**Q** 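Before anything else, here's the structure in question.
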Amino acid sequence: MYDIHTALHPRTLSEAANLALGMRVADVGCGAHGGLVYHLARTVGPDGRVYAVDVQPHVLNIVERGNIFDVPSAPIETVWSDIEHYGGAAIPHGSLDRIFLVNVVSELRDILAALRECDRLLAEEGAMLVVDWGSEAHPLAPAAVVPPEVIANAAAELGTLRLAALQPFGEHHYGMVFEK
């Protein structure tokens with residue numbers, strides 16, 4: 001069965017973003033569990049780099065302590081940032097091959113500002129995977145979901161991110177891949 005656990009499995013997410021060895025990636029709004037962060041680090045390998053970005057400092061402390069996997073992996077750097085502020089993330093401009101925004105958009109006040117900051121961080125030919133709630137029917141879903149059209153319109157207004165794919169991620173989520 002394809003449910004929330006398989007739909008948002010880190011492997012499913014990294015495959016949707018065409019993640020590869022040596023890439024520089026960020027999980028923006030990484031959350032305390034860090035499951036995606038650690039998977040990304042193992043997937044991009046020791047020549048890659050992973051940024052765990054969150055607006056809550058205590059979350060980043062948990063992520064720093066939680067990397068207990070004994071496998072060759074990329075360095076993980078935690079970054080405190082509110083992605084709704086342009087230039088706020090202490091990550092070099094144009095340095096990321098992939099950005100992951102998973103269950104983050106529904107928490108934002110200013111989607112356009114967040115996309116502008118992600119665009120600043122993306123390298124030329126970089127891509128961003130946005131996965132968010134598409135249904136309020138799940139008990140963990142936010143009170144108000146953000147339809148994919150709202151995100152697509154914000155990206156179109158920005159003018160530098162092209163919607164390359166829109167697909168369901170299980171019954172309760174959708175995913176969008178934007179390319180620079």
Side-chain angles (χ1 to χ4, degrees), residues 1-21 23-45 48-56 58-60 62-69 71 73-74 76 78-79 81 83-84 96-108 111 114-115 117-118 121-122 126-152 154-155 161 163-179:
M1 171 144 202
Y2 195 70
D3 62 16
I4 188 171
H5 302 293
T6 56
L8 298 183
H9 190 281
R11 184 179 311 118
T12 305
L13 297 171
S14 61
E15 287 172 359
N18 293 316
L19 202 61
L21 283 170
M23 285 187 167
R24 297 154 309 187
V25 302
D27 180 7
V28 175
C30 63
H33 62 79
L36 180 57
V37 169
Y38 308 135
H39 175 80
L40 296 174
R42 289 189 307 275
T43 303
V44 301
R49 182 168 202 88
V50 175
Y51 294 93
V53 181
D54 208 285
V55 70
Q56 300 180 57
H58 73 277
V59 163
L60 299 173
I62 295 168
V63 171
E64 287 173 353
R65 291 191 315 264
N67 192 7
I68 58 173
F69 299 104
V71 295
S73 64
I76 297 172
T78 57
V79 176
S81 180
I83 64 160
E84 294 177 80
L96 298 177
D97 299 302
R98 298 290 184 272
I99 294 176
F100 292 79
L101 287 169
V102 180
N103 287 339
V104 171
V105 172
S106 56
E107 303 294 327
L108 297 173
I111 294 169
L115 292 181
E117 175 66 350
C118 289
L121 299 173
L122 274 176
M128 176 173 55
L129 176 65
V130 176
V131 176
D132 217 289
W133 292 94
S135 166
E136 297 165 354
H138 193 280
L140 297 177
V145 299
V146 176
E149 298 81 22
V150 170
I151 302 165
L161 297 172
L163 179 61
L166 171 61
Q167 65 189 66
F169 274 75
E171 292 179 38
H172 302 286
H173 287 83
Y174 60 85
M176 307 172 80
V177 175
F178 291 95
E179 295 175 342

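Please read all numbers here as calculations on a predicted model, not as lab measurements.
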**Q** Would you check if Asp27 and Val53 make a side-chain contact, meaning some heavy-atom pair closer than 4.5 Å?
**A** no
**Q** Nearest 0.5 Å please: distance from the CZ atom of Arg24 over to the CG atom of Asp97.
**A** 4.5 Å
**Q** Keeping the roles fixed (side chain from Thr43, backbone from His39), state whether a donor-acceptor pair exists under 3.5 Å.
**A** yes
**Q** Return the minimal non-hydrogen interatomic distance between Leu122 and Ala127, and the atom names on each side.
**A** CD2-O, 3.5 Å
**Q** Which heavy atom of Val37 sits nearest to which heavy atom of Ala52, and what is that distance?
**A** CG2-CB, 3.8 Å
**Q** Keeping Tyr51 on the side-chain end and Val28 on the backbone end, is there a donor-acceptor pair under 3.5 Å?
**A** no
**Q** To the closest 0.5 Å, what do you measure between CZ (Phe169) and CG (Asn103)?
**A** 11.0 Å
**Q** Quickly, which of Leu121, Val177, Leu115 forms a side chain to side chain contact (heavy atoms under 4.5 Å, CB included) with Met128? Name it, please.
**A** Leu115
**Q** Please name all residues satisfying side chain to side chain contact (heavy atoms under 4.5 Å, CB included) with Val102, sequence neighbours left out, ordered by chain then number.
**A** Leu13, Leu36, Phe100, Val131
**Q** Please round to the nearest 0.5 Å and tell me the distance separating atom CG of Leu19 and atom CZ of Arg11.
**A** 13.0 Å
**Q** Can you tell me how far CD of Gln167 sits from NE2 of His173, rounded to the nearest 0.5 angstrom?
**A** 13.0 Å
**Q** Given 3.5 Å as the limit, does a donor-acceptor pair link the side chain of Arg98 with the main chain of Ala17, or not?
**A** yes
**Q** Is any side-chain heavy atom of Val25 closer than 4.5 Å to one of Arg49?
**A** no
**Q** Could you tell me which non-hydrogen atom of Ile151 sits nearest to which non-hydrogen atom of Tyr174, and how far apart they are?
**A** CD1-OH, 3.2 Å
**Q** Restricting to side-chain hydrogen bond (donor to acceptor under 3.5 Å, both in side chains), what partner residues turn up for Glu107, sequence neighbours left out?
**A** none
**Q** Where does the angle between the aromatic ring planes of His138 and Trp133 fall among parallel (under 30°), tilted (30 to 60°) and perpendicular (over 60°)?
**A** tilted
**Q** Heavy atoms only: give me the nearest Val44-Ala20 pair and the separation to one decimal.
**A** CG1-O, 3.6 Å
**Q** Using every non-hydrogen atom in the two residues, find where Met176 and Pro148 come nearest and quote the distance to one decimal.
**A** CE-O, 3.4 Å
**Q** Drop me the distance from Cys30's SG to Leu101's CG, to the nearest 0.5 angstrom.
**A** 11.5 Å
**Q** For the side chain of Asp132 and the backbone of Val104, is there at least one donor-acceptor N/O pair under 3.5 Å apart?
**A** yes
**Q** Gln56: what forms a side chain to side chain contact (heavy atoms under 4.5 Å, CB included) with it, not counting sequence neighbours?
**A** Asp54, His58, Val59
**Q** Calculate, to the nearest 0.5 Å, the distance between atoms CG and CD1 belonging to Leu129 and Ile99 respectively.
**A** 11.0 Å
